[in-house]
Amino acid sequence: MILTTNTQNNALIADIQVKEANLTVSDSFKEEMTKLIDHGNKYIIVNFEQVIYVDSSFLGALVSSLKYAIANKAEIVVAGLNKDVAGLFQLIRLDKAFMVYGSVADAAERKS
C-alpha cells in the first residue's frame, strides 16, 4: 500500500508512504488513486511530505491519475513538496497542471 488516507474539510488526503516515488511504486500508486476516484472522492490532496525523490514514471502515474480524475469530475492537488521535488515540478511545468500547496492544511482550507 503506497497511500494512507484521511479526510479534512471534505477533502481526501492521500499521504504517500514511501521516501522514493519511483518505477517500483508507480503502478501501485496509479491503481490506488483510481480506486479513490472510483469511490466518489472529488477533491484529493496528494501529500508528498515524506517523499525525498520522484522519478519520471511516478510523475507519469500522477499525471495519468489527474486525467482520470478530470474525466470523473474530480480534482487532484499536491502538497508538501520538498525543495527538490518542487523544483522538478516547475522545471517540467507540472505546477501548471496541478495546484501546488505548501502544506496539506493550506490545500484542505481551500476546499472548506
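Note that the structure is predicted; figures quoted are calculated from it, not measured.
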Original post:
Is there a side-chain contact (heavy atoms from CB on, under 4.5 Å) between Leu81 and Leu88 once you walk through the steps?
Top reply: CA-CA 10 Å; Leu81 304 178; Leu88 179 60; over 6 Å; no
Original post:
Taking side chain as C-beta onward, heavy atoms only, is Asp15 less than 4.5 Å from Phe48?
Top reply: no
Original post:
Could you give all pairs that pass the side chain to side chain donor-acceptor pair (under 3.5 Å) test and reach residues 87-104, with sequence neighbours left out?
Top reply: Tyr101-Arg110, Ser103-Asp106
**OP:** Take Val77 and Val46, measure what side-chain contact (heavy atoms from CB on, under 4.5 Å) needs, and give me the verdict at the end.
**Re:** CA-CA 6 Å; Val77 301; Val46 179; over 6 Å; no
Subject >> Side-chain donor-acceptor pair present, Ser65, Lys30, cut-off under 3.5 Å >> reply: no
Original post:
Counting N and O atoms only, with roles assigned by atom type, does the side chain of Ser64 sit under 3.5 Å from a partner on the main chain of Ala61, one being a donor and the other an acceptor?
Top reply: no
**OP:** Under the side-chain hydrogen bond (donor to acceptor under 3.5 Å, both in side chains) rule, collect the residues that match up with Thr24, sequence neighbours excluded.
**Re:** Asn22
Subject >> Partner set under side-chain hydrogen bond (donor to acceptor under 3.5 Å, both in side chains) for Asn6, not counting sequence neighbours >> reply: none
**OP:** Run the numbers on Glu75 and Ile70 for side-chain contact (heavy atoms from CB on, under 4.5 Å), then give the verdict.
**Re:** CA-CA 6 Å; Glu75 183 178 2; Ile70 291 169; over 6 Å; no
**OP:** Determine whether Val51 and Ile92 fall in the same hydrophobic cluster, where Ile, Leu, Val, Met, Phe, Trp and Tyr are linked whenever their side-chain heavy atoms lie under 4.5 Å apart.
**Re:** yes
Original post:
How would you list all residue pairs meeting side chain to side chain donor-acceptor pair (under 3.5 Å) that involve residues 32-45, not counting sequence neighbours?
Top reply: Asp38-Tyr68
Subject >> Within residues 52-63 or reaching into it, pairs that qualify as salt bridge (Lys or Arg N to Asp or Glu O under 4.0 Å) - sequence neighbours excluded >> reply: none
Subject >> Minimum side-chain heavy-atom gap Phe58-Val54 below 4.5 Å >> reply: yes
Original post:
Among pairs that include at least one residue of residues 78-87, which meet side chain to side chain donor-acceptor pair (under 3.5 Å), considering only residues two or more places apart or in two chains?
Top reply: none
Original post:
Who are the side-chain contact (heavy atoms from CB on, under 4.5 Å) partners of Thr5, not counting sequence neighbours?
Top reply: Leu12, Ala14, Leu36
Subject >> Any Thr7 side-chain heavy atom under 4.5 Å of Ile13 side chain >> reply: no
**OP:** Check the hydrophobic clustering (I, L, V, M, F, W, Y; side-chain heavy atoms under 4.5 Å; chains of links allowed) and say if Ile45 and Met99 are grouped together.
**Re:** yes
Original post:
So, do Val18 and Glu20 sit near enough that their side-chain heavy atoms are less than 4.5 Å apart?
Top reply: no
Original post:
Other than Met1, which residues form its hydrophobic cluster under the rule that side-chain heavy atoms must be closer than 4.5 Å?
Top reply: none
Subject >> Set of side-chain hydrogen bond (donor to acceptor under 3.5 Å, both in side chains) partners for Ser28, sequence neighbours left out >> reply: none
Subject >> Note, Glu31 side chain near Ile2 side chain (heavy atom, < 4.5 Å) >> reply: no
**OP:** Mind checking side-chain contact (heavy atoms from CB on, under 4.5 Å) for Gln50 and listing every partner two or more places apart, or none if nothing turns up?
**Re:** Gln17
Subject >> Side chain to side chain, Phe89 and Leu62, heavy atoms closer than 4.5 Å >> reply: yes
**OP:** Flag the pair Phe98 / Leu66 as yes when at least one side-chain heavy-atom distance between them is below 4.5 Å, and no otherwise.
**Re:** yes
